[in-house]
Amino acid sequence: MPDFALIQLAPGRFLLGWGPFRHLPSPDPLLPSFYLNDYFLDAETPWKIPDSWEIVERGELGSRLGGPQPPAIDWQPLDDVSFQSLFRSAHSALARGEFGKIVPIMFQTGVVREGDPAAYLVERLAMLPPEMWAYAYRIGEEGMAGASPETLFTLGEGLVETMAVAGTRGLDRVRELADDPKEREEHELVVRDLEQQLRDLGRVEVSPTTVVELPTLAHLVTLVSVRPRSMPSFEEVVRRLHPTAALGSSPRNEAARQWLRNADRGIGRGTFGAPFGVLFEDRSAICLVAIRNVAWNGERVRIGSGAGVLVESTLENERKELKRKRDQVRALFGLAPERDGVPA
């Protein structure tokens, strides 16, 4: 399969860019430019300029990129001991008042024994519900395919729009979500963080919070927008918003940034939770939060999930949230479910 990058622009409509890609420190002003950075925004050349591109409809994805056979994957046991250590470290820092919320993550890893994960996963993207934002890329031996519940932002018609997506329940317990104090507090931290990051651009509009039901999971969602006096660049909006409190910390301070950096030394999160987007020639753009995905590098594959930890959080509840998110990814991509916490 050739190198490619793919992002959903609207329900059933996708931008597909074909490699080879030019890797640049800034976008091409005359071509759609994909933005692919790591979580910590350390990439020197985050802009990927395709050799050619096209707009495709949902039904065309399979014929362009897909393959019907699921890969055979040997999943490794979950490293729960490492997550326990992360949780205790986070909880201790919260108790000391270093920050009010932090989001540790963990990965479930495996080895591809047979088949091409890229072709199969992209084939599955065509089957995903249109209310989730599909995205994928493959550059060399590395790639990722996912369906995010949230956009980091969109730019267009003089408007910057973003969303707070925090709070998680299985669909069997969706009625609890709006009334759970911990989930409401976690969500409000994200909303307030977005407001703070955007308020100096102009008057910020915040929509009423709703419960959005997606396959297997429900989330609290609040839309936030601003009509700036002067339109910011794509990269300025990335720096303002990423990572939101849904996937980083609240408040955004040096103690939290250091905690996340230290935690990453044993994980290597790479592009999980990073901004993934595209900027068009007219300066309109869409940028997703790269979660709910399967990533691969050669024969190694992994599924990441994160859980927002507050001082009142418990280890068992955060374990359950991590598993619910992994289960959703497995269900979306037709991968076998876990059995008692052990990958199938």
Side-chain angles (χ1 to χ4, degrees), residues 7-11 13 15 24-49 99-101 133 135 148-166 186-210 212 219-254 256-257 273-291:
I7 190 167
Q8 182 173 320
L9 304 176
R13 193 164 178 261
L15 174 70
L24 300 178
S26 57
D28 188 313
L30 302 178
L31 292 171
S33 302
F34 287 90
Y35 183 84
L36 173 61
N37 212 328
D38 59 78
Y39 176 84
F40 294 102
L41 307 183
D42 287 337
E44 294 182 357
T45 56
W47 292 99
K48 314 302 178 186
I49 316 303
F99 35 77
K101 176 191 174 181
W133 294 92
Y135 62 95
S148 182
E150 61 184 298
T151 57
L152 182 62
F153 63 86
T154 60
L155 303 178
E157 299 181 352
L159 195 66
V160 179
E161 297 180 284
T162 184
M163 59 172 61
V165 181
E186 182 180 351
H187 186 76
E188 286 304 315
L189 286 173
V190 180
V191 175
R192 291 196 296 270
D193 174 66
L194 293 174
E195 287 185 273
Q196 182 177 353
Q197 300 306 315
L198 296 175
R199 65 171 52 133
D200 65 326
L201 294 177
R203 187 165 64 89
V204 178
E205 300 284 347
V206 179
S207 73
T209 297
T210 60
V212 174
H219 300 287
L220 295 172
V221 176
T222 303
L223 304 180
V224 180
S225 64
V226 63
R227 195 170 292 279
R229 292 177 290 273
S230 176
M231 202 66 177
S233 70
F234 184 105
E235 289 167 301
E236 180 184 343
V237 182
V238 167
R239 289 191 298 270
R240 283 176 177 270
L241 298 182
H242 173 78
T244 72
L247 208 63
S249 68
S250 179
R252 304 181 188 218
N253 59 24
E254 186 56 36
R257 283 189 287 271
F276 179 87
V278 66
L279 175 66
F280 290 96
E281 309 94 296
D282 64 0
R283 317 318 288 169
S284 64
I286 182 169
C287 188
L288 309 181
V289 180
I291 55 175

Quiz item: Going through the checks in order, is the side chain to side chain contact (heavy atoms under 4.5 Å, CB included) test met by Leu241 and Asp193?
Solution: CA-CA 9 Å; Leu241 298 182; Asp193 174 66; over 6 Å; no

Quiz item: Can Val289 and Thr151 be said to form a side chain to side chain contact (heavy atoms under 4.5 Å, CB included), step by step?
Solution: CA-CA 6 Å; Val289 180; Thr151 57; over 6 Å; no

Practice problem: Apply side chain to side chain contact (heavy atoms under 4.5 Å, CB included) to His187 and Thr209, showing your working. | Solution: CA-CA 9 Å; His187 186 76; Thr209 297; 3.7 Å; yes

Exercise. Begin from the C-alpha positions of Val221 and Glu150 and carry the test side chain to side chain contact (heavy atoms under 4.5 Å, CB included) through to its verdict.
Key: CA-CA 9 Å; Val221 176; Glu150 61 184 298; over 6 Å; no

Quiz item: Stepwise, does the ring-ring contact (aromatic ring centres under 6.0 Å, His included) test hold for Trp47 with Phe34?
Solution: CA-CA 6 Å; Trp47 292 99; Phe34 287 90; 9.6 Å; no

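Ring to ring, Phe234 and Tyr35 are close: their centroids are under 6.0 angstrom apart.
Note that OG of Ser148 and CD1 of Ile291 are 4.5 Å apart. Values are rounded to the nearest 0.5 Å. A distance of 10.0 Å separates CZ in Arg227 from CZ in Arg203, rounded to the nearest 0.5 Å. Taken to the nearest 0.5 Å, the CD1 atom of Ile286 stands 10.0 Å off from the CG atom of Leu155. Within the model, atoms CD of Gln196 and OG of Ser250 stand 8.5 Å from one another, a figure rounded to the nearest 0.5 Å. Between the OG1 atom of Thr244 and the CG atom of Leu194 there is a distance of 6.0 Å, given to the nearest 0.5 Å. Here CZ of Phe153 is found 8.5 Å from OG1 of Thr162. Values are rounded to the nearest 0.5 Å.
A donor-acceptor pair is defined here as one N or O able to donate and one able to accept, closer than 3.5 Å; no such pair exists between the side chain of Ser33 and the backbone of Ile49. For the pair Lys101 (side chain) and Leu189 (backbone), a donor-acceptor distance under 3.5 Å is absent. Looking only at distances, a side-chain donor or acceptor of His242 sits under 3.5 Å from a matching main-chain atom of Tyr39.
Taking all atoms of both residues into account, the shortest heavy-atom contact from Trp133 to Ala10 is CZ3-N, 4.2 Å. Gly156 approaches Met231 most closely through the heavy-atom pair N-CE, 4.1 Å. Across all non-hydrogen atoms, the minimal contact from Arg252 to Arg240 is NH1-O, 3.0 Å. Residues Val190 and Ala246 come closest through the heavy atom pair CG2-N, 3.4 Å.
No salt bridge links Glu235 with Arg239; every basic N to acidic carboxylate O contact stays at or beyond 4.0 Å. Using a cutoff of 4.0 Å between basic side-chain nitrogens and carboxylate oxygens, Arg229 and Asp200 are not scored as salt-bridged. Taking the charged nitrogens against the carboxylate oxygens, Glu254 and Arg257 do have a contact shorter than 4.0 Å, which makes a salt bridge.
No side-chain donor from either of Ser207 and Thr222 sits under 3.5 Å from a side-chain acceptor of the other.
Contacts of Ser225 classified as side-chain hydrogen bond (donor to acceptor under 3.5 Å, both in side chains), with partners at least two apart in sequence or in another chain: none.
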